[in-house]
Amino acid sequence: MARRRLRSSTVVLGGMGVLAATLTACSSEPDERCVDPVTYEVLPDYKCDGDSGSDGHSSSGRYYYGGRVGGGRAEGGSFDRTAVDSGGFGGSSSGGG
């Protein structure tokens, strides 16, 4: 039974993919999502883009930074971007609501 050897270029390319995924997951910018400031319901981005969206709907949301989404609602972040400490590479997001 012949053994199969991996070529070094295959290993290098696979390692680069893992590195890219890690760097993306640990970016220094907090997550940003459009959220209703009263109900914390996650909204489409156009609801946070100025006076009206491209389809004429008025904007009713504000950008919410960090945190997570559970059941269609944002939690654990903040409407104040400076209040969210992203921690940089290897860090974790935290903040107040």
Side-chain angles (χ1 to χ4, degrees):
M1 187 181 252
R3 285 195 167 165
R4 187 173 160 189
R5 292 182 59 190
L6 292 175
R7 294 184 178 200
S8 61
S9 61
T10 304
V11 174
V12 169
L13 290 176
M16 290 177 72
V18 170
L19 178 61
T22 301
L23 291 175
T24 301
C26 296
S27 70
S28 62
E29 294 295 317
D31 289 338
E32 174 184 270
R33 57 187 55 89
C34 187
V35 171
D36 182 302
V38 176
T39 65
Y40 287 77
E41 179 183 355
V42 176
L43 303 171
D45 282 339
Y46 71 82
K47 292 283 192 173
C48 287
D49 294 336
D51 295 331
S52 63
S54 60
D55 62 357
H57 291 107
S58 63
S59 64
S60 58
R62 291 178 53 202
Y63 281 111
Y64 188 83
Y65 303 96
R68 60 198 163 280
V69 176
R73 301 197 188 289
E75 56 187 30
S78 176
F79 288 106
D80 180 7
R81 184 181 194 136
T82 60
V84 180
D85 177 23
S86 62
F89 185 78
S92 62
S93 296
S94 64

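Please read these numbers as outputs of a predicted model, since none were measured by experiment.
The distance from atom OH of Tyr40 to atom CZ of Arg62, rounded to the nearest 0.5 Å, is 8.5 Å. Note that OH of Tyr63 and CG of Asp31 are 13.5 Å apart. Values are rounded to the nearest 0.5 Å. In this structure, the separation between CG on Asp45 and CZ on Arg33 is 10.5 Å, given to the nearest 0.5 Å.
The minimum heavy-atom distance linking Glu32 with Tyr65 is given by the pair OE1-CE2, 3.2 Å. Between Val84 and Gly66, the shortest heavy-atom distance links the atoms CG1-CA, 4.1 Å. The heavy-atom pair separating Gly76 from Arg68 by the smallest distance is CA-NH1, 4.1 Å. Looking at every heavy atom in both residues, Cys34 comes nearest to Gly61 through SG-CA, 4.0 Å.
A heavy-atom distance below 4.5 Å is found between the side chains of Val35 and Phe79.
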